[in-house]
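Step one of this worksheet: look at the structure below.
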Amino acid sequence: MHTADIAASVVVLGTIVVSLLSNVVVLICFLYNPEIRKQVPGLFILNLTFCNLLLSVSNMPLTLAGIITKGNPGGSGFCQTVGFLDTFLTTNSMLSMAALSIDRWVAVVFPLSYHSRIRHRDAVIALVYTWTHSLCFSAVATCRSWLGYHHLYASCTLCSVRANGAGTQFIIFTVLLHSLTFLLTLIVLCVTYLKVLKVARFHCKRIDVITMQTLVLLVDIHPSVRQRCLDEQKRRRQRATKKISTFIGTFVVCFTPYVITRIVELFSPGPISPHWGVLSKCLAYIKAASDPFVYSLLRHQYRKTCSHLANKVLKRSPLNSSSRRVENRPGRSNTNSTTTTNNDVQPPTNKTGDKICE
């Protein structure tokens, strides 16, 4: 095997393991925590997790086998089924990300009327659309026999070789598929999250003004506490930007190379390097492994649920573990009353603004 093939095999294998473990943890948190199940975004996250899990157990192992064997590891019928799943699951997951971004935009821009604007019925309608949209494109590709093993990507997917007799129709279909999935989702992500960022910065500036006014009034505040307030103020300004950059950045980095390669493949007269094709497919697979962390596991509610489950499995009381951490802090009870009073001073908070900036 070529060195690039060995590296690609390791990447795909690692992606399978991480994707399976992380998505299973998200699914367990969803089933265990009733508060997560009550939330409307939980339906979109459940749908995204379902797509990522199926992709991890169906398409990724076949791509790994294709890289190792340098050929189609399954029969024609089996490969067409996997190709159908590849188109369906990828399209469905992209549209689920768009639905999540719209939900967060409504929650931030219209916080008082969020529950009247976004209900479980609306989420179900959105999911019905994503499934219908994905099934239509997958069914058309299957009926036209455009699905098969593609050596460029070492996977069962849309195959231009099988569409030689319908070149123009295949080109139109491929352009429409990526325009109404990747491009549409990218536009929705950029528009909604940039509006969320604008509102988040506004609330953070308002909190910063209140913080500075409080620090000016508290002339006898300890310098360490003042510095801690200023550091928290700086972190608050950066938090929303980092999160929104992660939402948009992971989508662009993981899907853009694959989509561009697909479009270039339609019009390029020369061959494309198979190493680049496999790399672009691996990046698309990595998105399935990163989604649980981007949308779920790094959030406080999921972290708290994971911690509670871990304590339950280890038969450890969360109260006892937290009390042990407090007891292990040396010199806490020996501080003087002045320092204690100063350290208890916290920067003023705004509940809505802090929720946005987090």
Side-chain angles (χ1 to χ4, degrees), residues 39-45 47-48 51 90-119 122-123 125-127 129-130 133 178-211 232-260 263 283-284 286-288 290-302 349-358:
Q39 298 172 357
V40 174
L43 295 178
F44 300 133
I45 292 176
N47 188 59
L48 183 61
C51 293
T90 305
T91 304
N92 202 342
S93 62
M94 287 186 187
L95 295 177
S96 297
M97 296 172 208
L100 278 169
S101 68
I102 294 173
D103 175 83
R104 296 190 181 193
W105 168 68
V106 175
V108 171
V109 179
F110 309 102
L112 299 179
S113 59
Y114 168 74
H115 292 291
S116 62
R117 290 173 180 266
I118 303 293
R119 294 165 292 184
D122 302 318
I125 292 173
L127 289 179
Y129 170 75
T130 61
H133 183 115
H178 295 302
S179 299
L180 295 178
T181 52
F182 170 78
L183 185 60
L184 176 64
T185 303
L186 180 60
I187 292 173
V188 171
L189 290 177
C190 292
V191 171
T192 54
Y193 282 130
L194 290 179
K195 287 184 178 294
V196 168
L197 180 61
K198 183 179 178 180
V199 175
R201 285 179 173 175
F202 169 77
H203 283 282
C204 288
K205 286 180 181 178
R206 188 175 63 177
I207 297 172
D208 292 344
V209 171
I210 300 173
T211 302
E232 177 60 28
Q233 180 179 347
K234 183 179 179 180
R235 285 194 296 268
R236 188 186 296 115
R237 286 197 299 265
Q238 297 175 348
R239 199 172 295 144
T241 304
K242 287 181 178 179
K243 286 196 172 186
I244 289 174
S245 300
T246 302
F247 291 141
I248 300 177
T250 53
F251 182 85
V252 172
V253 170
C254 292
F255 283 125
T256 302
Y258 179 70
V259 174
I260 291 178
I263 301 300
L283 286 173
I286 289 174
K287 189 67 173 74
S290 64
D291 282 341
F293 300 98
V294 173
Y295 291 101
S296 304
L297 296 180
L298 296 181
R299 292 174 56 194
H300 173 72
Q301 196 170 27
Y302 282 86
T349 59
N350 178 286
K351 189 172 182 182
T352 305
D354 279 345
K355 188 175 182 181
I356 296 170
C357 298
E358 286 182 356

Could you state the interatomic distance from [atom1] ([X]) to [atom2] ([Y]), rounded to the nearest 0.5 Å?
X: Ile45; Y: Asp291; atom1: CD1; atom2: CG; value: 10.0 Å
X: Leu100; Y: Leu189; atom1: CG; atom2: CG; value: 9.5 Å
X: Asp103; Y: Ser96; atom1: CG; atom2: OG; value: 12.0 Å
X: Thr192; Y: Leu194; atom1: OG1; atom2: CG; value: 8.0 Å
X: Leu283; Y: Thr256; atom1: CG; atom2: OG1; value: 10.0 Å
X: Leu197; Y: Trp105; atom1: CG; atom2: CH2; value: 15.5 Å

[X] vs [Y] side-chain heavy atoms within contact, under 4.5 Å:
X: Arg117; Y: Tyr114; value: no
X: His178; Y: Thr91; value: no
X: Tyr295; Y: Met97; value: yes
X: Thr130; Y: Leu127; value: yes

Nearest atoms (heavy-atom pairs only) where [X] meets [Y]:
X: Arg119; Y: His115; result: CG-O, 3.2 Å
X: Leu180; Y: Leu95; result: O-CD2, 4.3 Å
X: His133; Y: Thr181; result: NE2-CG2, 3.6 Å
X: Phe293; Y: Leu298; result: O-CG, 3.2 Å
X: Ser179; Y: Leu183; result: O-CB, 3.3 Å
X: Ala288; Y: Pro292; result: O-CD, 3.4 Å

### Query
Hey, does the Lys NZ or Arg CZ of Arg104 hover above the aromatic six-ring of Tyr193, less than 6.0 Å from the centre and inside 45° of the axis?
no
#### Entry: Side chain Ser290, main chain Lys287, donor-acceptor under 3.5 Å
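Pair found, side chain donor or acceptor close to backbone of Lys287.
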### Query
Is the gap between the ring centers of Phe182 and Phe251 under 6.0 Å?
yes
